[in-house]
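Notes for the one structure printed next.
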There are 2 protein chains.
Amino acid sequence: MATTQPAAVDRPPTIHDIAALCGVAASTVSRALSTPDRVNIRTRQRIEAAAAQLNYIPNSQAKALSSGRTGAVGVLVPDITNPFYFDLIRGTQLQLKAAGYTQLLVDTEESDEVEASTMEQLRKSADGIVVAASRLSDDALLAAAAKMPMVTINRDVPGVPAVLIDTPSATSQALDHLISLGHTRIAYMAGPPTSQSSERRWTALSVAAEERGVEVRRLGPFAPKTQSGAAAADAAVHSGVTACIAFNDLIAIGMLQRLRERGIRVPEDMSIVGCDDIFGADFCNPPLSTMASPIEQAGRVAVSMLLAQLNPLAGGGTRSRSVMPTHLTVRASTGPAPAAAVATPATPATPGLG
Amino acid sequence: MATTQPAAVDRPPTIHDIAALCGVAASTVSRALSTPDRVNIRTRQRIEAAAAQLNYIPNSQAKALSSGRTGAVGVLVPDITNPFYFDLIRGTQLQLKAAGYTQLLVDTEESDEVEASTMEQLRKSADGIVVAASRLSDDALLAAAAKMPMVTINRDVPGVPAVLIDTPSATSQALDHLISLGHTRIAYMAGPPTSQSSERRWTALSVAAEERGVEVRRLGPFAPKTQSGAAAADAAVHSGVTACIAFNDLIAIGMLQRLRERGIRVPEDMSIVGCDDIFGADFCNPPLSTMASPIEQAGRVAVSMLLAQLNPLAGGGTRSRSVMPTHLTVRASTGPAPAAAVATPATPATPGLG
DNA sequence: TCATCAATGACAACCGGTTGCCAAACTTTG
DNA sequence: CAAAGTTTGGCAACCGGTTGTCATTGATGA
């Protein structure tokens, strides 16, 4: 009675339990479950039945250790609480789950060091990673990509597969929109210095502005948080522009709040365009005109590209670059440029009363 | 020359590499790194130096397989895109990282089946789980908690450690607030039928309403999405109430939008109270009065309780229940009850004119 | 009917650590 | 100086699978 039980009462069943139950070797069970063709169909059926009966679930740790593949993919985002990443995360999660992978989500806290150390750790526990809005240098990113399969989102480094969100072209659309409303002095409220997408957007914007003969000045940098919006709003007002294109909706919404506090009307006195169309952009006050893009789809595409890289079985050259379309969604935060505004709003008191 | 290299060029170093470099057995290396006292200090230092030199990083998979502990904790939320969970997730992430654990975040898609199967899978790959707003039955939850360490958030099941957010008492505060503004006919816009916190809130609300002699009716259920707010708003208007307490801010914000569309002013014609104080509650139009609670702290506390359960080393009885305080934040979506409203809006005709 | 070959399934090594057990070496005590 | 006690570190089994190798089996062809 004191001998070992064939199957311990509470311990999850292993292939050895199945093997014992069927009277075959454990390796046969392994093959029956992972390489069905290598095993007699009758044996296989017996094994499958036993597995079902025992409610067998393979141990992913053990599988990872022996096969080298973990069945997990790391997803790195700079800030989980930034609504922009919600849909992205949901997109990656959906696509990964559909492919039977587990998502390891990590908030890198907008820090390149955290990002780098996370990558190093993930190198063992994930088959690949999706990196959104990396804060790493091009070189560091390239080096990391050499060590493990990687797809970046919104970060263009030659040699590293990427999903790019075409905000530069949307930025031109936004500029045209503002020009058509009569604005001629416009500001770009820049994002963090380490954000490549902020740079790309600014480049596109200044080129487009030159082509169209309007003045666009760059203000900032501003942290991508609503709190930074106050400083951004003050800077915009002080610079005398009548319209702003913000790095993202967080900054834009923060500006909306600050302008309201200061009694500056949007869009009558100042027009604001955001970017990303995050949760909240449609119900803030006034609802925000913004550049929208299919973020969830971007997440899904990034995962697809990564998985294609991991399992090169199916034909079709692995795409290494994918650009997501973007469009301008006009709501109520943009309107005609103030008529007399050119000579008054920001600096009038001082010279006017002198 | 063809013999095996002491350390293969590109493969991450293992304890065997360290052992070879120091001329000791692999087990000694293992002990030196995990049980330093079991090893001579000089040997240990040599090993530590070699480990540093090789840039050794332990393989968490292998460690998990042999020790049984994975160093990971699963965090299950019903909907990643619900802003309520952002701060919660950030709280768990911070606390877990501080303790050297990895967070496995899973979106259970508001489905009890996904939740159950996720738990089963996590049983192998995580040391414990934090379950927010579980959709499972009490029995299922209790059974799951017997199989692996678990802490729930916002779910009170005897025998399962939990962090509870004291929204019932905040609900009473909200009720008092509305009463003090002159409201006497109030609606509770209920959440999903499977949400226990919705039930708890309703119970507290109806008891408080009875004590205070006001009428509170229950409407719904409504899915916790802004889209449901439209139906909720219509139901509220039709029922003739002058104030609503919504299950959460998502529904409340949706109501705000719908009421605006229908030309019903908030708070002049209708007062709205939300719950959770999510991202957006402060900048929607009008800014939402809502019940706020320290969500991030709730996440941290949940993780602390779970870790205490996993490592019962340090003294101090493990708390099995923790209640987070909640308070009402009054913004602009609540105001005095409409003066004549008592006799007019929805059902006045029938009794009033009879 | 015998040789050839493909299909099948068992054995054992291996992934990278952890840990129980034991022997050698060293320290302390009588 | 010997006996007893304490460190210290090595051996080997083990966690739960995967996979290379090989013997056995049955079917096919000559």
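In what follows, chains carry the letters A, B, and so on, assigned in the order in which the sequence lines appear, proteins first and then strands, with residues in each chain numbered from 1. None of these values were measured; they are calculated from a predicted model.
Of all nucleotides in DNA chain D having an atom under 4.0 Å from a heavy atom of chain A, the first and last in 5' to 3' order are D/dG16 to D/dT21.
For the segment residues 39-51 of chain A, the set of residues with a heavy atom within less than 4.0 Å of an atom of DNA chain C comprises A/Val39, A/Asn40, A/Thr43, in numerical order.
With A/Tyr101 as reference, A/Leu310 is the one residue of A/Leu306, A/Leu310, A/Val303 to meet the side-chain contact (heavy atoms from CB on, under 4.5 Å) rule.
A/Thr14 comes within 4.0 angstrom of the backbone, heavy atoms only, and of no base. The residue B/Val29 sits apart from the nucleic acid: no heavy atom pair falls under 4.0 Å.
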* When you look at A/Thr118 and A/Gln121, which way does the side chain to side chain contact (heavy atoms under 4.5 Å, CB included) test go after all the steps? -> CA-CA 5 Å; A/Thr118 301; A/Gln121 199 202 323; 5.7 Å; no

* Derivation of the side-chain hydrogen bond (donor to acceptor under 3.5 Å, both in side chains) call for A/Gln61 and B/Thr70 -> CA-CA 9 Å; A/Gln61 309 282 344; B/Thr70 63; 5.2 Å; no

* To do: Apply the test side chain to side chain contact (heavy atoms under 4.5 Å, CB included) to residues A/Val131 and A/Val77: give CA-CA distance (whole Å), side-chain angles for both, the deciding distance (0.1 Å), then the verdict.
  => CA-CA 7 Å; A/Val131 185; A/Val77 300; over 6 Å; no

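Spacing between atom CG of B/Leu33 and atom C1' of C/dT19 amounts to 15 Å, rounded to whole angstrom units.
Taking each heavy atom of A/Lys124 and B/Pro58 in turn, the nearest pair found is NZ-O, 4.1 Å.
Of the charged side-chain nitrogens involved, none lies within less than 4.0 Å of a carboxylate oxygen, so that A/Glu113 and A/Arg135 do not count as a salt-bridged pair. B/Arg321 has a carboxylate O that lies under 4.0 Å from a charged side-chain N of B/Asp156, or vice versa, which qualifies the two as a salt bridge.
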Can you name the atoms? Protein N/O to nucleotides 11-13 of chain C N/O, anything below 3.5 Å, with the distance.
{"residue": "C/dC11", "atom": "N4", "partner": "A/Ser27", "partner atom": "OG", "Å": "3.1"}

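The side-chain heavy atoms of B/Thr102 and B/Lys97, taken from C-beta on, include no pair separated by under 4.5 Å. The closest side-chain heavy-atom distance from B/Val160 to B/Leu142 is below 4.5 Å. Counting heavy atoms from C-beta on, the side chains of B/Glu109 and B/Glu115 never come closer than 4.5 Å.
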